[in-house]
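Note on naming: letters A, B, ... go to the chains in the order of the sequence lines (proteins, then strands), and numbering restarts at 1 for each one.
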Protein chains: 2
Amino acid sequence: MVSNRGRRPRQIDVAKAANVSTAIVSAVISSTSTGTIRVSEETRRRVLKAAEDLGYVPNVAARSLAGGRSHLIGAFTYQQHFPRESRDFYFEFLLGIEEAAEDAGYNLLLFTGTRDDSGNRTVYRNGSNMLQLADGSIMVGGQVDPKELARLHAERYPFVMVGRRDSIPDGVSWVAADYRSGTAEVVRKLAELGHRRIAFVQGALTHETVDDRRAGFAEVGTELGWPDTSLPVLTYDTAGGADANRPRTLLSLARRRKVTALVFESNYLADQVRTAAASAGVDVPGQLSVVALGDWSERNPGQQVAPGLAELTSPSRQIGREAVAMLIRLLGSQTTRTEHVMMPCTITTGSTIAPPPSS
Amino acid sequence: MVSNRGRRPRQIDVAKAANVSTAIVSAVISSTSTGTIRVSEETRRRVLKAAEDLGYVPNVAARSLAGGRSHLIGAFTYQQHFPRESRDFYFEFLLGIEEAAEDAGYNLLLFTGTRDDSGNRTVYRNGSNMLQLADGSIMVGGQVDPKELARLHAERYPFVMVGRRDSIPDGVSWVAADYRSGTAEVVRKLAELGHRRIAFVQGALTHETVDDRRAGFAEVGTELGWPDTSLPVLTYDTAGGADANRPRTLLSLARRRKVTALVFESNYLADQVRTAAASAGVDVPGQLSVVALGDWSERNPGQQVAPGLAELTSPSRQIGREAVAMLIRLLGSQTTRTEHVMMPCTITTGSTIAPPPSS
DNA sequence: CTGAAAGCGCTTACAG
DNA sequence: CTGAAAGCGCTTACAG
């Protein structure tokens, strides 16, 4: 490496040139607002001049060693690759993080170099917490290592989780999409259009955000005083993978149950059912309204968003932004604190929602 | 801030626990290949165990202060915002940089926090070279501050320029798109299809990459022994902005000059001319072939790529990747060195190229 | 193969 | 308002 060590002017050189102590140089250069040190305007100018003349440039590593802060925000993911394609669900989170870091004047450290010898992501490489390079970090993505998160938290390393909120240890801060309210909003909207039988379609494998959506779904029933039969929950077997018959089964089930609107946890399945309806002669949305609630777990990698499909969309960019704001709050706080924020989802109406058939 | 200072175990604690010196701990933990220090397998295990038990985590700032390396690659841009939208010309460069950093096991520091009080990007904030947080950096984008670059280079800070190669000081390393060869390839292709009069269309404002393209254009004439009249260069006034008449002027000029193929520096203008041709009853590509050479400077922000337009495409992603590889070479080199690499462009044939009219 | 110690370049109490 | 000095937590010659 081309090393300039020893040739580059240091603080002490500037101090000598300006005929002051290094403390003064430090105070002038870093212009610490915390500093109780006040420097006369004349001295200040002299120091600045000397620094300029010598081409002095503070060493950031030394500064952060002595000062205890790097002024860096980190972004980490357990995903195999950093989200880089716009079709990657986590991509938008990262964009929001970048934007907010930029707005806040922070540099952003992407922990791209955090794979162990087996190619798996880990925070602790050779037992060393790589994240501490940054003052705090945002953890992005659907995969997590709960043990690592717990250890991080125990170490009191400041971080905010984004992209999921289940399977993460207590005390960990997060920002998440409010699927509950969003789903309730969707159902309310359908009810307003005149629907009186709306089914919630979920996979066999449940997780927290599915529970949230179902809660939002049920909530509207209570709100409107509907009987349980008006809001049936249909569960299909996820284990079988992409079962070609699944969409048809669901369609006939819907007809039998006299359901006029289908609310799908999975965008993928919603899209499939819409397609199947077309070939089965069922008019969407004339006879059947279809809404997707934003779960992409069944999506094939590279699959594009289904155009025209009514859907609940995660406010991923805003979540990313909020996570950075939250992290900065955590960093500024004297006490250890935990924050949880739910951000409202967006409803894209699309062309698959309409009033129920008048019959 | 939640500070763990003083509570977190340090190297010395591990050393005491393992009954060795800190030098040994350092050697074991950092597993420096350079290290002439050899540690017995048993000692090694003891140290690792102690580190594990204590939850020891090396401090990176200290490490890079003492060792002189941070093992971080930086990315900087003079653009107002970091490229984040796929329609941003510089976005792909950044993706390539991220990919390559990930592959090389480096963390990537995005210098998002580098705007001064007026909102302008600077490398030197309060006289301090922010980039030195990273061992070396990639500079991305179309804007540059030549003075800062010169200063950086004088300081012997290792960096590689990407996205442009003119207006940058001597001795600075860069990776750029090879528009010369690409343009030659385009013209050769047109000649093979039977074209014998091909015009190069350029703006009044010239810069290095336009010169490159024109050189590639002229090169083929020499190669094939064509007279100068076969390869005219048409210059239009850029000063007038988006002049609505420009496309028509060019079309009639082309007809008068008996030109059967138009090669445009500017993608924007190429697209406009194609559209104008349609409404003027000129068949593209039946009567006139149109090719764009990848200059986007006239593009409106947010404008999408013109679909179907034959064009030369900058290998931006590969350039980003190569820049990282180059930087890593520079970092590993004992001597100060400069490297320049031109990466081949891609030709997208599209639907605007055909043999000339048979008449 | 191992240990004691200097030094990396700052910041920040602590005295004056 | 200013100075001398300790200390941040490592790495790396240099001795043993």
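If you find the closest nucleotide of DNA chain C to B/T43 and to B/A62, the one lying nearer the 5' end belongs to B/T43. Place A/Q11 and B/L65 on DNA chain C by their nearest nucleotides, and B/L65 ends up nearer the 5' end.
When the side-chain nitrogen and oxygen atoms of A/S26 are compared with OP1 and OP2 of C/dT11, one or more of them lie within a distance under 4.0 Å. Remark: B/R10 is not in phosphate contact with D/dC10, judged by side-chain N or O atoms under 4.0 Å from OP1 or OP2.
Checking A/I319, A/V140, A/I138, A/I97 one by one against A/V160, the side-chain contact (heavy atoms from CB on, under 4.5 Å) holds for a single residue, A/I138. A/V175 pairs with exactly one of A/E339, A/H340, A/M326 by the side-chain contact (heavy atoms from CB on, under 4.5 Å) rule, that one being A/M326.
Residue-level contact check: B/V25 touches neither bases nor backbone, having no heavy atom under 4.0 Å from any strand. If you check every strand for non-hydrogen atoms under 4.0 Å, B/S40 touches sugar and phosphate atoms only.
Of all the heavy atoms in A/V25 and A/Q11, the pair that sits closest is CG1-CG, 3.5 Å.
B/F111 places none of its side-chain heavy atoms less than 4.5 Å from the side chain of B/T77.
With a cut-off of 3.5 Å on both pairing distances, the Watson-Crick or G-U wobble partner of C/dC1 is D/dG16.
In this structure, the CG atom of A/L54 is 14 Å from the P atom of C/dG9, given to the nearest Å.
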